[in-house]
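The chain is numbered in sequence order, starting from 1.
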Amino acid sequence: MARRKTEKSGESLSMSEERSTTLKTLLRQRHWQNYTTFCREYDRSAKVIDGSLVGTWPSRAQFHRWLSGTLISLPYPHHCRVLEKMFEGWTAEHLFKTWSGELPTTPPSEPSKDQVSALSGHFGMGGVVAVFSTRSEFSSAIPAHELFDNAEKIRAAGLSLNLVCQQYPTRSLRRKIADGGHGCFLFLDPRGRYIGEREKEEGFPLGDLAALTRINIELLLKLRDNLGSNSGNLRIGVYDEPLRYNIIIVDDSKCVFQPYLPETRGVESPTLVAMREAEDGAIFKTFDEVLSSLEERSSFL
């Protein structure tokens, strides 16, 4: 592998290191690059800004993605808050920029108040914190286990809910519900009118999407049957109306949503992430209301 010398430090760096983030370089300067050390320093800063953030450090796999420069979007807002406290004066945007090879010593200059005001006045995001061009890109950046592992409450509505039923281990979901967690999952009715219309629109043979949806419903029904006294914590419903969105809400604070586009498979649709506490949380509130309304109209099994 090609190696070169930096002009200022004289250190030998691999090509992969050249593509790393400023965050990685700052961690190495402070000797915090070890995962255990990083988590300890993360908790120290988290305790200062909000005690509830202690222990919310990223998984080991997430941490390595943070350092590699392969993130598609910034981490969740609470991660950014803690990182900006750990490296005061540095914004999350600067921390996750690809390292240029210059050893950073001081934070970059901040935009003026007038600049910030102008941006916030014209480009408000309503609490949207990440945008992906497809669901595949979303799943690559935020795998199902990272989305659900620490969740105590999951609500979801869509067509077949493959993210929950096929991409997240059934044993993990069973353990979560058995430990007192809650889940509410709404499927497009596999016996209804509108799933057939969606099959035609996506070009599937008649019955294909309905069969997949039945498999996923049966999987959750079987799981519920094995929950004993906690079976009421898992609600499974169906609805029969035009398919508009796939919505997943985790712990009443994080919402993943995507539209169903004409003649386009769900996995190919843009996917967005919104947080209740980010900015005014307007987008989160909108989709929370959409999901709550659908729950009221659904038939539960």
Participant: From Phe96 CZ over to Leu74 CG, what is the distance, rounded to the nearest 0.5 angstrom?
Facilitator: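 Rounded to the nearest 0.5 Å, the CZ-CG separation comes out at 7.0 Å.
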Participant: Taking C-beta and beyond as the side chain, do Phe187 and Cys165 meet within less than 4.5 Å on heavy atoms?
Facilitator: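 They are in contact (side-chain heavy atoms under 4.5 Å apart), so the answer is yes.
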Participant: Leu212, Phe185: one ILVMFWY side-chain cluster at the under-4.5 Å cut-off?
Facilitator: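 No, because Leu212 and Phe185 fall into different hydrophobic clusters, even though each may have its own neighbours under 4.5 Å.
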Participant: Taking the side chain from Asn246 and the backbone from Gln258, do they hold a donor-acceptor pair closer than 3.5 Å?
Facilitator: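 Looks like no, no N/O pair under 3.5 Å.
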Participant: For residues 77-84, tabulate all N or O donor-acceptor pairs below 3.5 Å that involve a side-chain atom, not counting sequence neighbours.
Facilitator:
{"residue": "His79", "atom": "NE2", "partner": "Thr56", "partner atom": "O", "Å": "3.0"}
{"residue": "Glu84", "atom": "OE2", "partner": "Ala92", "partner atom": "N", "Å": "2.8"}

Participant: Just by distance, do the side chain of Glu199 and the backbone of Gly207 share a donor-acceptor pair under 3.5 Å?
Facilitator: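 At least one qualifying donor-acceptor pair exists.
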Participant: Taking C-beta and beyond as the side chain, do Arg44 and Arg40 meet within less than 4.5 Å on heavy atoms?
Facilitator: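 Result yes, sub-4.5 Å side-chain heavy-atom pair found.
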Participant: So do Arg174 and Arg171 actually touch side chain to side chain, heavy atoms under 4.5 Å?
Facilitator: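 They are in contact (side-chain heavy atoms under 4.5 Å apart), so the answer is yes.
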Participant: Are Asn216 and Gln166 linked by a side-chain donor-acceptor pair shorter than 3.5 Å?
Facilitator: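 Yes, side-chain donor-acceptor contact under 3.5 Å.
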Participant: Under the side chain to side chain donor-acceptor pair (under 3.5 Å) rule, collect the residues that match up with Thr170, sequence neighbours excluded.
Facilitator: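 None.
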Participant: Between Tyr260 and Leu159, is there a donor-acceptor pair closer than 3.5 Å when you use the side chain of the first and the backbone of the second?
Facilitator: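 Side chain of Tyr260 to backbone of Leu159, a donor-acceptor pair under 3.5 Å: yes, one is there.
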Participant: When rounded to the nearest 0.5 angstrom, what is the spacing between OG1 in Thr21 and NZ in Lys97?
Facilitator: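 One gets 13.0 Å once the value is rounded to the nearest 0.5 Å.
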Participant: At what distance, to the nearest 0.5 angstrom, does CD1 of Ile154 lie from CG of Leu147?
Facilitator: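 Taking CD1 in Ile154 and CG in Leu147, the distance rounds to 7.5 Å.
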Participant: Just wondering, do Trp90 and Leu23 contact through their side chains at under 4.5 Å, heavy atoms?
Facilitator: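 No, side chains not in contact.
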Participant: Heavy-atom distance under 4.5 Å between the side chains of Phe132 and Val273, does that happen here?
Facilitator: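 Yes - at least one pair of side-chain heavy atoms lies under 4.5 Å apart.
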Participant: Using 0.5 Å steps for rounding, measure from the CD atom of Glu152 to the NE2 atom of His182.
Facilitator: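 One finds 10.0 Å between CD of Glu152 and NE2 of His182.
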Participant: What I'd like to find out is whether the side chain of Thr271 reaches to under 4.5 Å of the side chain of Val256, using heavy atoms alone.
Facilitator: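 In contact.
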Participant: For a quick test of your reading: what N or O donor-acceptor pairs under 3.5 Å do the side chains of residues 48-55 make, sequence neighbours left out?
Facilitator:
{"residue": "Asp50", "atom": "OD1", "partner": "Ser52", "partner atom": "N", "Å": "3.0"}
{"residue": "Asp50", "atom": "OD1", "partner": "Ser52", "partner atom": "OG", "Å": "2.8"}
{"residue": "Asp50", "atom": "OD2", "partner": "Ser52", "partner atom": "OG", "Å": "3.2"}

Participant: Could you tell me which non-hydrogen atom of Leu67 sits nearest to which non-hydrogen atom of Lys24, and how far apart they are?
Facilitator: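 Where Leu67 meets Lys24 most closely, the heavy atoms are O-CD, 3.7 Å.
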Participant: What orientation do Phe38 and Trp66 show, parallel under 30°, tilted 30 to 60°, or perpendicular over 60°?
Facilitator: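 Perpendicular: the ring planes of Phe38 and Trp66 meet at over 60°.
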Participant: Is it the case that atom CZ in Arg191 sees more than 12 heavy atoms from other parts of the structure closer than 6.0 Å?
Facilitator: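 Count not over threshold, so no.
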Participant: Donor-acceptor check, side chain of Ser292 to backbone of Asp288, threshold 3.5 angstrom: yes or no?
Facilitator: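 Yes; at least one donor-acceptor contact below 3.5 Å.
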Participant: If you take all heavy atoms of Ala274 and Ile283, which pair is closest and at what distance?
Facilitator: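 The answer is CB-CG2, 4.1 Å.
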Participant: Apply side chain to side chain contact (heavy atoms under 4.5 Å, CB included) to Leu188 and Tyr194, showing your working.
Facilitator: CA-CA 8 Å; Leu188 190 61; Tyr194 289 98; 4.3 Å; yes
Participant: When rounded to the nearest 0.5 angstrom, what is the spacing between OG1 in Thr22 and CZ in Phe87?
Facilitator: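 Thr22 atom OG1 to Phe87 atom CZ measures 10.5 Å (nearest 0.5 Å).
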Participant: Begin with the C-alpha distance, continue with both residues' side-chain angles, and end with the deciding distance and a verdict on side chain to side chain contact (heavy atoms under 4.5 Å, CB included) for Phe138 and Leu163.
Facilitator: CA-CA 11 Å; Phe138 163 79; Leu163 183 64; 4.2 Å; yes
Participant: Where do Ile195 and Pro190 come nearest, in terms of heavy atoms and distance?
Facilitator: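 Distance-wise, the nearest heavy atoms are CG2-O, 3.8 Å.
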Participant: Please name the pair of heavy atoms, one in Ala141 and one in Glu146, separated by the smallest distance, quoted to 0.1 Å.
Facilitator: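 Minimum heavy-atom contact is O-OE1, 4.1 Å.
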Participant: Report whether Val164 and Ile215 are members of the same hydrophobic cluster (ILVMFWY, side-chain heavy atoms less than 4.5 Å apart, transitive linking).
Facilitator: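 No; Ile215 is not reachable from Val164 via cluster members.
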Participant: Could you pull out the closest heavy-atom pair between Pro262 and Glu201, with the gap in Å?
Facilitator: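 The answer is CA-OE2, 3.5 Å.
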Participant: Look at the side chain of Asp189 and the backbone N and O of Val238, then say whether any donor-acceptor pair between them is shorter than 3.5 Å.
Facilitator: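 No.
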Participant: Show the nearest heavy-atom pair for residues Tyr245 and Ile247, with the distance to one decimal.
Facilitator: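 Distance-wise, the nearest heavy atoms are CB-CG1, 3.8 Å.
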Participant: Looking at Phe148, is Lys176 sitting on its ring face, NZ or CZ under 6.0 Å from the six-membered ring centre and within 45 degrees of the normal?
Facilitator: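 No, a cation-pi geometry is absent between Lys176 and Phe148.
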Participant: On the ring face of Phe300, is Arg235 found with NZ or CZ under 6.0 Å from the centre and within 45° of the axis?
Facilitator: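 Checked: cation-pi criterion met.
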Participant: Donor-acceptor check, side chain of Ser140 to backbone of Ser136, threshold 3.5 angstrom: yes or no?
Facilitator: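 No; judged by distance alone, with no hydrogens or angles, the pair does not exist.
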Participant: Given Phe63, which of Tyr42, Trp57, Tyr35 fulfils the ring pair (Phe, Tyr, Trp, His ring centres under 6.0 Å) condition?
Facilitator: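 By the ring pair (Phe, Tyr, Trp, His ring centres under 6.0 Å) criterion, Phe63 pairs with just one of Tyr42, Trp57, Tyr35: Tyr35.
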Participant: Should the pair Arg30-Glu41 be classified as a salt bridge under the 4.0 Å nitrogen-to-oxygen rule?
Facilitator: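 No, this pair does not count.
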Participant: Okay, side chain of Asn34, backbone of Thr37: is any donor-acceptor separation there less than 3.5 Å?
Facilitator: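 Yes; at least one donor-acceptor contact below 3.5 Å.
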Participant: Is there a donor-acceptor pair closer than 3.5 Å between any side-chain N or O of Tyr239 and the backbone N or O of Gly158?
Facilitator: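 Present.
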Participant: Let's go through Asn233 and Leu227 carefully: what are the C-alpha distance in whole Å and the side-chain angles of both, what is the deciding distance for side chain to side chain contact (heavy atoms under 4.5 Å, CB included) to 0.1 Å, and is it a yes or a no?
Facilitator: CA-CA 9 Å; Asn233 291 358; Leu227 287 173; 5.9 Å; no
Participant: State, yes or no, whether a side-chain contact exists between Leu161 and Tyr168 at a heavy-atom distance under 4.5 Å.
Facilitator: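 Side chain of Leu161 against side chain of Tyr168, heavy atoms only: no contact under 4.5 Å found.
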Participant: Are a donor atom and an acceptor atom from the side chains of Ser139 and Arg135 found within less than 3.5 Å of each other?
Facilitator: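 Result is no, nothing qualifies.
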Participant: Is it the case that more than 12 heavy atoms not belonging to Asp149 sit under 6.0 Å from its CG atom?
Facilitator: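 Above 12, so yes.
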Participant: Scan Leu221, Leu220, Asn226 and name whichever one has a side-chain contact (heavy atoms from CB on, under 4.5 Å) with Arg224.
Facilitator: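 It is Leu221; the other options fail the test.
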Participant: Between Asp252 and Arg155, does at least one N-O distance fall below 4.0 Å, as a salt bridge requires?
Facilitator: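 Salt bridge flag = yes for Arg155 with Asp252.
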Participant: Decide side chain to side chain contact (heavy atoms under 4.5 Å, CB included) for Leu26 and Trp32; before the verdict, give the C-alpha distance in whole Å, the side-chain angles of both, and the deciding distance to 0.1 Å.
Facilitator: CA-CA 8 Å; Leu26 290 171; Trp32 295 350; over 6 Å; no
Participant: Got a second to check how far Glu88's CD is from Ser45's OG, nearest 0.5 Å?
Facilitator: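 The OG atom of Ser45 is 7.5 Å from CD of Glu88, to the nearest 0.5 Å.
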Participant: Going only through I, L, V, M, F, W and Y residues with side-chain contacts under 4.5 Å, is there a path from Phe257 to Leu261?
Facilitator: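 Result: no, two separate clusters.
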Participant: For Gln62, which of His64, Arg60, Arg65 qualifies under side-chain contact (heavy atoms from CB on, under 4.5 Å)?
Facilitator: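 Checked His64, Arg60, Arg65 against Gln62; only one passes side-chain contact (heavy atoms from CB on, under 4.5 Å): Arg65.
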